[in-house]
Participant: 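Mind having a look at this structure? Questions to follow.
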Amino acid sequence: MSKIFGAKVKNVLSGDTLVLTPLNNSKQERILSLAYIQAPRLSSNEKYSFESRELLRTLLIGKEVKFWVLYKNQSDREFGDISTPLFQS
């Protein structure tokens with residue numbers, strides 16, 4: 001099982017990617033993409049890309065979450081899952 005970390009959501013880059021600030025070290029940010037989800041891309045102006053990002057922003061900005069990394073790709077991008085009082089994973 002993966003190690004569980006605590007963090008605060010600082011920013012939402014897209015409908016599937018979050019910028020997290022760890023609770024124990026606010027200077028080190030982590031970018032976490034939600035595993036097994038592919039949200040519409042903002043860069044190519046896909047349908048509902050703005051709405052998916054805004055929904056995550058509304059729900060999560062400033063909230064404390066628990067997260068765990070499930071895997072990394074070849075470029076060391078982290079993919080994982082989150083849990084928050086709003087919803088359990």
Side-chain angles (χ1 to χ4, degrees):
M1 184 168 163
S2 301
K3 183 176 178 185
I4 298 174
F5 300 95
K8 187 176 266 193
V9 179
K10 179 179 179 184
N11 197 1
V12 176
L13 301 178
S14 67
D16 61 2
T17 305
L18 310 170
V19 177
L20 303 173
T21 304
L23 296 176
N24 59 358
N25 184 359
S26 61
K27 294 183 181 184
Q28 180 188 6
E29 294 179 350
R30 293 176 82 163
I31 296 176
L32 181 74
S33 294
L34 299 175
Y36 311 114
I37 293 178
Q38 186 174 359
R41 297 286 155 221
L42 286 163
S43 59
S44 56
N45 203 21
E46 291 180 16
K47 195 172 187 177
Y48 302 115
S49 58
F50 180 77
E51 290 86 350
S52 65
R53 182 189 67 181
E54 289 306 303
L55 178 63
L56 275 184
R57 288 184 70 219
T58 301
L59 289 173
L60 297 177
I61 289 285
K63 302 283 191 314
E64 288 187 14
V65 298
K66 293 179 183 174
F67 75 97
W68 49 99
V69 177
L70 297 173
Y71 62 93
K72 293 182 182 184
N73 66 6
Q74 293 174 343
S75 61
D76 255 5
R77 184 174 172 183
E78 294 181 316
F79 293 83
D81 202 356
I82 66 169
S83 177
T84 177
L86 298 174
F87 51 87
Q88 299 296 319
S89 179

Participant: Asn73: which residues meet the side-chain hydrogen bond (donor to acceptor under 3.5 Å, both in side chains) condition with it, sequence neighbours left out?
Facilitator: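 Partners of Asn73 by the side-chain hydrogen bond (donor to acceptor under 3.5 Å, both in side chains) criterion, ordered by chain and then number, come out as Ser75.
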Participant: Let me check something: do Ile61 and Leu13 share a hydrophobic cluster, defined by ILVMFWY side-chain heavy atoms less than 4.5 Å apart, either directly or through other members?
Facilitator: no
Participant: Could you tell me if the side chain of Glu29 sits less than 4.5 Å from the side chain of Lys10, heavy atoms only?
Facilitator: yes
Participant: Hey, any chance Phe5 and Leu34 share a hydrophobic cluster, counting ILVMFWY side chains that come within less than 4.5 Å of each other, even indirectly?
Facilitator: yes
Participant: Shortest non-hydrogen contact from Ala35 to Leu70?
Facilitator: CB-CD1, 3.7 Å
Participant: OH of Tyr71: more than 12 outside heavy atoms within 6.0 angstrom?
Facilitator: yes
Participant: Should Lys66 and Thr84 count as side-chain neighbours, where that means a heavy-atom distance under 4.5 Å?
Facilitator: no
Participant: Do you reckon Val12 sits in the same ILVMFWY cluster as Ile37, going by side-chain contacts under 4.5 Å, direct or chained?
Facilitator: yes
Participant: Is any side-chain heavy atom of Ile31 closer than 4.5 Å to a side-chain heavy atom of Leu18?
Facilitator: no
Participant: Pick from Ser44, Ser43, Ser49: which one makes a side-chain hydrogen bond (donor to acceptor under 3.5 Å, both in side chains) with Glu46?
Facilitator: Ser44
Participant: Let me see the working for Arg30 and Glu78 under side chain to side chain contact (heavy atoms under 4.5 Å, CB included), right down to the final yes or no.
Facilitator: CA-CA 9 Å; Arg30 293 176 82 163; Glu78 294 181 316; 2.7 Å; yes
Participant: Under 4.5 Å between side-chain heavy atoms, hopping through other hydrophobics if needed: is there a path connecting Val19 to Val69?
Facilitator: no
Participant: State whether Arg41 and Asp16 are salt-bridged, where the test is any N-O pair (Lys NZ or Arg NE/NH1/NH2 against Asp/Glu carboxylate O) under 4.0 Å.
Facilitator: yes
Participant: Walk me through whether Phe67 and Leu32 qualify under side chain to side chain contact (heavy atoms under 4.5 Å, CB included).
Facilitator: CA-CA 9 Å; Phe67 75 97; Leu32 181 74; 3.9 Å; yes
Participant: Rounded to the nearest 0.5 Å, what's the gap from CG on Leu60 to CG on Leu20? Could you check?
Facilitator: 9.0 Å
Participant: Working to the nearest 0.5 angstrom, can you tell me the gap between Ser52 OG and Arg57 CZ?
Facilitator: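 Spacing of OG (Ser52) from CZ (Arg57) equals 12.0 Å.
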Participant: Can you find a heavy atom in the side chain of Thr17 that is under 4.5 Å from one in the side chain of Arg77?
Facilitator: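 When only atoms from C-beta onward are counted, Arg77 and Thr17 do touch, with a gap below 4.5 Å.
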Participant: Linking I/L/V/M/F/W/Y whenever any side-chain heavy atoms sit under 4.5 Å apart, do Tyr48 and Leu55 land together?
Facilitator: no
Participant: Is Trp68 close to Ile82 at the side-chain level, that is, under 4.5 Å between some pair of heavy atoms?
Facilitator: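 A side-chain contact is absent here, since even the closest heavy-atom pair is not under 4.5 Å.
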Participant: If I take atom CD from residue Glu54 and atom CG from residue Leu59, how far apart are they, to the nearest 0.5 angstrom?
Facilitator: 11.0 Å
Participant: Mind checking who shares a hydrophobic cluster with Leu42, ILVMFWY linked at side-chain heavy-atom distances under 4.5 Å?
Facilitator: Phe50
